[in-house]
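Note sheet for the following structure.
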Protein chains: 2
Amino acid sequence: MLTIKEIAEMANVSRSTVSRALNNSGYVSEDARERIEKVIKETGYAPSQHAKSLRTKKTKVIGVILPTIQTETSGKIVAGIDRVLSANGYQILLANTNLNSEKEMEYIDLLKARQVDGIILIATNTEKQLVEKIKEVSIPFLVIGQEIEGVVSVVYDDYHASRELVSLLIKEGHEKIAFIGVDEEDRAVGYERKRGYIDEMQANKLTIEGAWMQKAVFDIDSGNKAMEQIINRSKEKPTALFAVTDRLAIGALSYLKKIDIDVPNDFAIVSIGASEISQYVDPPLTTVDYQNEEAGSEAGKQILEMIASNEIDPKKITIDYRLIKRNSV
Amino acid sequence: MLTIKEIAEMANVSRSTVSRALNNSGYVSEDARERIEKVIKETGYAPSQHAKSLRTKKTKVIGVILPTIQTETSGKIVAGIDRVLSANGYQILLANTNLNSEKEMEYIDLLKARQVDGIILIATNTEKQLVEKIKEVSIPFLVIGQEIEGVVSVVYDDYHASRELVSLLIKEGHEKIAFIGVDEEDRAVGYERKRGYIDEMQANKLTIEGAWMQKAVFDIDSGNKAMEQIINRSKEKPTALFAVTDRLAIGALSYLKKIDIDVPNDFAIVSIGASEISQYVDPPLTTVDYQNEEAGSEAGKQILEMIASNEIDPKKITIDYRLIKRNSV
DNA sequence: CATATGTGTGGAATCGATACCACACCAATG
DNA sequence: CATTGGTGTGGTATCGATTCCACACATATG
């Protein structure tokens with residue numbers, strides 16, 4: 001490992017001069033600069049970022065805590081974050097919790113020890129402990145996907161997107177609309193989307209039968225089973241479904257196919273996510289595009305601003321959604 | 001930011017003693033240890049990883065260079081890598097090239113400057129310049145997805161998987177089998193899979209018409225267009241297709257649906273990837289599962305071994321594939 | 001009883017960079 | 001000619017840890 005000292009010796013200048021040349025600070029003669037650059041090119045020397053960080057307190061690294069890397073949503077958000085960050089010379093240090101919420105806290109500490117310049121958390125819950133912890137973190141912090149008071153949040157408009165989807169079904173003449181949701185710990189996906197569904201139904205004076213509402217987890221299989229429950233347990237069979245994610249909708253769709261209920265002729269399905277797959281199932285799903293990549297790049301922009309201004313001005317940024325109408329309705 | 005010096009003062013010992021207590025090296029009296037631990041607990045002190053790395057030359061960070069974060073394949077590989085690494089206290093520093101091969105080289109330098117303990121490259125090409133660069137990197141280095149001589153490589157058995165798929169089609173009675181591939185710069189996906197196709201056809205004394213073989217890029221739309229070319233340009237219409245990726249197969253499938261060719265009754269399709277979506281298109285695709293997550297965790301294991309042993313013993317590790325038979329044949 | 005061995009501790013050097021300061025030089029200014 | 005100010009350079013402290021070394025003391029060994 002080459003050091004600045006060796007470069008200095010080879011170029012016959014002091015370490016200070018090499019440092020100045022490297023960072024374009026202070027004065028360096030043309031002559032000295034050329035010699036230094038020549039040596040650097042020949043040796044392939046790269047300054048140690050650790051030594052640099054130790055002095056400057058800047059790492060040019062942002063920690064990103066996410067529940068899983070394997071979903072399209074996470075992939076898109078991270079891609080969006082990375083697009084902005086890498087353009088500004090920052091890199092991402094990954095922290096994958098595997099949906100284990102204790103790990104969220106652990107990783108916050110770990111990232112602090114690594115002295116990242118900022119932390120972005122793709123959140124799935126708003127547990128009290130977590131919120132407390134976030135508030136006492138002294139570095140720029142941002143959450144995506146959940147609104148946390150006092151913390152810069154980039155969120156989706158879960159409530160209105162849900163209402164709009166349900167409203168669409170109602171306009172198409174549906175009155176008996178079922179719902180597949182997830183645990184309400186996940187305030188955005190579990191609670192807000194459900195609230196949108198219930199409110200829109202009520203606003204249209206439609207009553208909801210208990211069995212129409214099922215809770216599932218985040219995979220296709222779970223959507224399949226939830227649909228089965230809905231069909232088997234409800235007295236009045238619904239004619240439409242709002243599933244809170246595409247995967248749940250796809251699971252439901254595959255169950256309906258199995259029992260020969262034709263979508264969209266006998267039954268309508270809508271969901272949220274606009275995953276690539278939603279376009280290629282049969283029939284293609286009517287869904288809402290949350291523009292995750294934009295959410296990611298917005299988050300990136302915000303955190304860079306927080307770093308630059310050294311100010312934390314808690315605000316909520318809502319990313320626009322797009323309704324995509326396809327054949328499932 | 002709390003430092004070891006302050007902790008030492010508060011616990012009435014020297015910095016050395018705190019360090020020993022922290023790292024369980026040397027001797028520390030029970031008495032001193034307790035005082036130190038108490039102070040650490042009260043203050044929430046976390047040692048600076050930078051200062052530590054500067055001395056120890058270890059960062060507990062592995063750089064992962066990948067072509068894109070947005071594909072299922074990348075997601076799975078990274079998840080596999082992370083599973084092994086995080087279990088051993090390592091973290092991933094992400095470097096996304098966005099399919100720009102110049103950036104691969106840039107990122108190698110950047111990761112070196114950040115003094116990562118190792119680099120894993122998810123490779124899409126084997127360009128000479130890149131290979132040269134890799135060879136002069138002095139830290140543990142591993143590639144996934146391409147075989148590079150003299151470098152530890154975790155690869156898939158592209159050649160045999162391809163032959164097996166084509167063989168399956170032949171056993172089902174197909175003789176006119178088309179092929180959609182990608183650029184041969186990508187040696188694994190472009191060249192090896194094509195070689196498997198050609199060799200298996202020849203081994204069965206089947207001739208290939210020029211128009212049956214089309215080149216595409218990595219998206220669904222491109223598969224669609226390639227299939228159109230095959231149908232329109234070939235004199236003898238093929239009865240089956242081997243597409244080198246699921247997405248290409250799905251594109252081809254959607255074209256066939258459009259022109260009312262029924263799969264699997266009039267036409268068979270096989271591909272490689274076992275993406276989640278392959279299971280939910282109509283009909284579900286016969287495909288090969290490359291077990292990307294396992295490839296990732298194997299890569300993680302290998303790089304940890306390289307770090308531990310401080311030895312670079314270039315070898316090739318081939319990950320097993322699984323043939324998944326579904327209704328598209 | 002002298003010597004060896006095992007504990008426990010603090011001082012100081014070190015890692016590789018940055019940044020401040022002092023100094024030297026040279027040209028322009030009054 | 002003395003003074004000023006812009007350039008260019010090197011010395012040295014500093015960042016926050018680890019690690020080696022010296023030393024002090026207690027106990028065990030011959």
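Letters A, B, ... mirror the listed sequences (proteins, then strands); counts begin at 1. All values reported here derive from a predicted model rather than from experimental measurement.
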Separation of atom CD1 in Ile7(A) from atom P in dA17(C), rounded to whole Å: 9 Å
Rounded interatomic separation in angstrom, taking NZ from Lys52(B) and P from dC15(C): 19 Å
Short side-chain N/O contact from Tyr27(A) to OP1 or OP2 of dG8(D), under 4.0 Å: no
Donor + acceptor pair across side chains of Tyr156(A), Asn292(A) (<3.5 Å): yes
Whole-Å distance separating the CG atom of Asn24(A) from the P atom of dA19(C): 13 Å
Residue from Leu99(B), Leu94(B), Asn98(B) passing side-chain contact (heavy atoms from CB on, under 4.5 Å) with Asn96(B): Asn98(B)
Between Ser53(A) and Gln115(A), a side-chain donor and acceptor under 3.5 Å: no
Short side-chain N/O contact to dA17(D) OP1/OP2 from Ser19(B), under 4.0 Å: no
Touch class at under 4.0 angstrom, heavy-atom based, for Lys57(B) against every strand present: sugar-phosphate
Sugar-phosphate, base or nothing in reach of Thr3(A), heavy atoms under 4.0 Å: sugar-phosphate
Contact nearer the 5' end of DNA chain C, comparing Ala51(B) with Thr56(A): Ala51(B)
Nucleotide of dA13(C), dG11(D), dT9(C) approaching Arg55(B) most closely (side-chain heavy atoms): dA13(C)
Integer-rounded Å distance: dC15(D) P and Leu2(B) CG: 14 Å
dG10(D) phosphate, OP1 or OP2, under 4.0 Å from Thr17(A) side-chain N/O: yes
Interatomic distance, Arg15(A) CZ vs dC20(C) P [rounded to whole Å]: 16 Å
Rounded distance (Å) that lies between atom P of dG16(C) and atom CD of Gln115(B): 8 Å
d(CG, Leu54(A); P, dT18(D)) in whole Å: 12 Å
Ion pair check, Arg187(A) and Glu147(A), cut-off under 4.0 Å: no
Length of the CD-P vector between Glu9(B) and dA17(D), whole Å: 13 Å
DNA chain D contacts made by residues 28-49 of chain B, counting heavy atoms under 4.0 Å: Tyr45(B), Pro47(B), Ser48(B)
Any donor-acceptor N or O pair under 3.5 Å, side chains Asp186(B), Gln146(B): yes
Nucleotide nearest Arg20(B) when distance is taken to its side chain, options dA17(D), dG10(C), dG10(D): dG10(C)
Side-chain H-bond candidate by donor/acceptor type, Ser14(B) with Thr17(B), under 3.5 Å: yes
Basic-acidic side-chain contact under 4.0 Å: Lys133(B), Asp109(B): yes
